[in-house]
Structures are given as structure tokens and as C-alpha cells.
2 protein chains.
Amino acid sequence: MLSADRLSGTMSLRHAVLGILAREPMSGYDITKVFNQAMVDVWPARHTQIYPELSKLLQEGLIELDGKGPRGRKTYRLTEAGLEEVRIWLLRPDPAHGQRHEALLRVYFLWLLEPAEAREYMRREAEYHRAVLGLYEHIYETIPPSHPAEKLRAMVLEWGIEYERGISEWAEQSTPVAEKIVAGGKKRR
Amino acid sequence: MLSADRLSGTMSLRHAVLGILAREPMSGYDITKVFNQAMVDVWPARHTQIYPELSKLLQEGLIELDGKGPRGRKTYRLTEAGLEEVRIWLLRPDPAHGQRHEALLRVYFLWLLEPAEAREYMRREAEYHRAVLGLYEHIYETIPPSHPAEKLRAMVLEWGIEYERGISEWAEQSTPVAEKIVAGGKKRR
DNA sequence: GCCTCCATGTAATTGGTTACATGATTCT
DNA sequence: AGAATCATGTAACCAATTACATGGAGGC
């Protein structure tokens, strides 16, 4: 079996923080915004997770204080050791591919619903993913492809667009199929 | 923003357990196998999580003891209340779509590597997903489409095949692109 | 003066993984 | 007799979410 093991435990959050700081010094507040804007669809994170992580990274010498600003603002920059740490992470041959997908998990159990309810579930999924597709296409237009990091982000977004296109089409095509499957199960009882 | 909130907190594990028991009475050991075979790519789970959950479900009257077998084997069956609980979950309009994807997260930071290393990363991703695609195609052939649950599983697998095909193609096409992006970044410094 | 956004943190809880632990049955 | 698989559980730990908590700066 290709997955079942190694779902996390690789501490991606800390490496993502280091990777973000590799571009330019930032505060915890700024980093939080990056997570919930540019990175929200691959790795969301809240400030409540970021601030403690920054403390740890500082203590371990992977980042250092860069400066202070108004309202207690503190910016951090990456140290040489921190850069080394991200590089090692990037070269590790074990990115986690296993992911939990609640919307797909539910599909397994649609036979417990009425056929019309199952159809409605799939229809909503299709609708949702079409909406996200539109959103991604819009964001894609607005990425300034200057720094390599932005070009890589655009590259990931291209996959995101493909993904949303694919899953919305699958959900659309599967909507009547699901209804029939569930109806077939009821009849035979 | 379409995600950022509601990543979990919907307690999918317990509902998945109930959904599995909806088909037929089973032991914790059997349920674990289902999670790590049929459901491993949408919701993996270990026995260490299942046994305590079964205790809770039993206490809450959502399942009940069905029988005992050799080696202390205990099978459970779904109660009416348990079936109701899964149905309510399936009809809730909020399946979590946000997911953490470490392999894609790393792509954002490939500019911190040498161009050849970045290329190698993407090449490996393509390779990995082509392998999973082959695996899924093989599994797809071997699903006996008798019970509606199996037909729904086949439907989900169809998406899985599409997904792996799409992402492996994307990774393949992006391999030279990533290398160029990273090389471009080095030059300009 | 008030509202919004900036900015930082802690604590409690939940969900999930890893490690620890044990024993019975079946197959070879 | 020994190995593999069946079978069940607990405890420690880590990652992530939710709730709690506070205050400064800037715009209207």
C-alpha cells in the first residue's frame, strides 16, 4: 500500500514559517496573513499556532529578531541555520500525500440517504467546486509574476484550477449516477 | 474567502465508523481494516483511535454489542439512533474542503533549492502520482459492484483516477518550468 | 470619541499518531 | 514449536482549533 503511514509528523508548519521568512523579514501577524491568503488552500494556519512556533524557532536559533515597530510589532529574519533547515526539509524524499477529504468520505455513505438527497449532495459539491474554480481563475489573473516565489505560486494555482475543474466536472457527471445507484439499492430491498 | 474556517470539528471519524457499521455488524479490528483499505485515501485511521471511539458510541447508544467471537472479538451493530446520527451528518451542508497538502506546500519554496534539485523534486512527484494512478486503475478493475456502497466507492475511485492523472500530468509538465523559474531567480541576483 | 485594524499572546480542548502492552488462534 | 495474524486495549505526545484576553495606532 502506498500510503497509510506518514501522514504528518514532518512538522511542515515550522518549515513553512522559515520558507516565508526566507523571502523577507516579517512579523507573526504578516506570516499569519500569508498563510491565510497565498497558502490557505495548501496549508492554513492561525496566529495562535504561529506565535508559539516563532518563539521556538527563535530559541533554536533558526530565526532572529530583525526589528521592532509600533504596537509591539516584532519582525524576524531567517538565520543561516534556518535556511539550511528549510533546504533539508525540501530535499527530504517523503512529502506526505495522504489527506483527509470529508466531502469524498461522505460519498461512500450516500446510500443511507434518499435518492433525491444523494443527488442534491452531489449537485452542491459540483456547485461549490465551480465557485472555487472561478475564484482561482480570478486570483491567477492578479498574481504579479516577478519574484520566482510568485511564479511558483502561479504554477501551484495552475494545478488548483485543473483540480477544481476536474472535481466539479466529476461531481456534475456523477450527480445523476449517484441518484441511480442509491435508487437501485432501495428498490432491491 | 471560501475556506480558512471549518477544517474539522465535524467529527468525521465517528460518523465514518457508524456508516461502516450501517452495512453490517463488525468488530473494531474489521473496521480498522476498512479504514486502511477501502477508505485509506479519503480518511485513514488506526485501531488506537477506533477502539476508544467504539466505547463512546456504545455508551451513547449509537451502536450496541452484536456478539462475541474467539480471541475476545466483539462485533457491534448500528442502532436506530446511530443510523439517524449518520443521516444528519450526511445532510449537514458543511463538508470540510480545506486540506493540508505538504507536497504542494513545498513547491512554494522550491526557489530555495538549486534548479536541478527543484527539477528533481517535481520529477519525483510526477513519478509518485503515476504510480498511484496505476494502483487505482488496478483496484478499480477489481471492485465487485454489487452493493450500492461498492458502486459509490467505484464512483469515488473514478475521481481518484482523474485526480492522479491530472496531478501527474501537471507535475510532469511543470518539471522543466520549475527548473527554469528557479534558474531565472539565481541569475538575476 | 469611536470604530477598525494592527498586533501579540495564553489556555483549554480535540483529533490524531506513536509507543507500549498483552494474549489467543491458526497455519506451517 | 514457532511464526503470522487476529484481536483488544492504554498512555504519552504532538498538531491544530477554539476560546479567552489585552492593548496600541490610525482614520473618521
Side-chain angles (χ1 to χ4, degrees), chain A residues 3-17 25-37 39-40 42-59 63 65-76 94 96 98-102 105, chain B residues 3-17 25-37 39-40 42-59 63 65-76 89 94 96-102 105:
Chain A
S3 46
D5 311 297
R6 317 238 92 253
L7 285 167
S8 74
T10 37
M11 294 186 301
S12 301
L13 180 89
R14 66 164 24 206
H15 294 107
V17 168
M26 272 187 204
S27 68
Y29 188 84
D30 296 333
I31 294 168
T32 305
K33 276 199 295 186
V34 174
F35 272 106
N36 291 303
Q37 283 168 18
M39 269 157 209
V40 72
V42 299
W43 207 275
R46 318 246 154 161
H47 75 277
T48 52
Q49 216 185 340
I50 309 231
Y51 289 119
E53 192 62 49
L54 285 170
S55 301
K56 279 184 233 158
L57 292 170
L58 191 63
Q59 227 181 279
I63 60 174
L65 201 62
D66 180 68
K68 296 196 174 192
R71 278 159 297 198
R73 177 185 169 91
K74 289 179 280 180
T75 56
Y76 300 93
D94 60 352
Q99 23 185 326
R100 294 192 159 73
H101 200 307
E102 197 200 312
L105 176 68
Chain B
S3 45
D5 310 297
R6 320 237 89 254
L7 285 167
S8 73
T10 37
M11 293 186 303
S12 301
L13 180 89
R14 68 165 20 206
H15 294 106
V17 169
M26 269 186 207
S27 68
Y29 189 83
D30 296 334
I31 294 169
T32 304
K33 277 199 295 183
V34 173
F35 272 105
N36 291 302
Q37 283 169 17
M39 270 157 207
V40 73
V42 298
W43 208 275
R46 317 246 156 163
H47 75 278
T48 52
Q49 216 186 339
I50 308 226
Y51 289 119
E53 192 61 51
L54 284 170
S55 300
K56 280 185 232 157
L57 291 169
L58 192 64
Q59 226 180 278
I63 60 174
L65 201 61
D66 178 70
K68 298 196 173 191
R71 278 159 296 200
R73 177 185 170 92
K74 288 180 280 180
T75 56
Y76 300 93
W89 171 68
D94 60 352
H97 289 97
Q99 26 186 323
R100 292 191 160 76
H101 200 306
E102 198 201 309
L105 176 68

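Throughout, protein chains are lettered first and strands after them, A, B, ... in sequence-line order, and every chain is numbered starting at 1. Just so you know, these numbers come straight off a predicted model, no measurement behind them.
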Atom [atom1] of [X] and atom [atom2] of [N]: how far apart are they, to the nearest Å?
X	N	atom1	atom2	value
E102(A)	dT17(D)	CD	P	14 Å
I31(B)	dG9(D)	CD1	P	11 Å
H47(B)	dT5(D)	NE2	P	16 Å
Q49(B)	dA11(D)	CD	C1'	15 Å
I50(A)	dA7(C)	CD1	C1'	13 Å
K33(A)	dA7(C)	NZ	C1'	11 Å
Y51(A)	dT10(C)	OH	C1'	13 Å
L54(A)	dA7(C)	CG	C1'	13 Å

Separation of [Y] [atom2] from [X] [atom1] (nearest 0.5 Å):
X	Y	atom1	atom2	result
N36(A)	R46(A)	CG	CZ	7.0 Å
D30(B)	Y76(B)	CG	OH	11.5 Å
E102(A)	D94(B)	CD	CG	7.0 Å
L13(B)	E53(B)	CG	CD	5.0 Å

State whether [X] places a side-chain N or O below 4.0 Å from either non-bridging phosphate oxygen (OP1 or OP2) of [N].
X	N	value
R46(A)	dT18(D)	yes
Y29(B)	dC6(D)	yes
R71(B)	dT25(C)	no
R73(A)	dA25(D)	no
K74(B)	dG9(D)	yes

* Determine yes or no for a side-chain-to-main-chain donor-acceptor pair under 3.5 angstrom, with R100(A) supplying the side chain and Q99(B) the backbone. =>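 No; judged by distance alone, with no hydrogens or angles, the pair does not exist.
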* To do: Would you indicate which nucleotide in dG16(C), dT10(D), dA7(C) comes nearest to any side-chain atom of R100(A)?
  =>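 Of the options given, the side chain of R100(A) lies nearest dG16(C).
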* Where the side chain of T48(A) is concerned, which of dT18(D), dG16(C), dT25(C) is the nearest nucleotide? ->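 Closest nucleotide to the T48(A) side chain: dT18(D).
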* Upstream residue (5' side of DNA chain D) when D30(B) and S55(B) are each assigned their closest nucleotide ->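 It is D30(B) whose nearest nucleotide is closer to the 5' end.
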* **Residue whose closest nucleotide on DNA chain D lies nearer the 5' end, A45(A) versus G72(A)** =>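 Checking each residue's closest nucleotide, the 5'-ward one belongs to A45(A).
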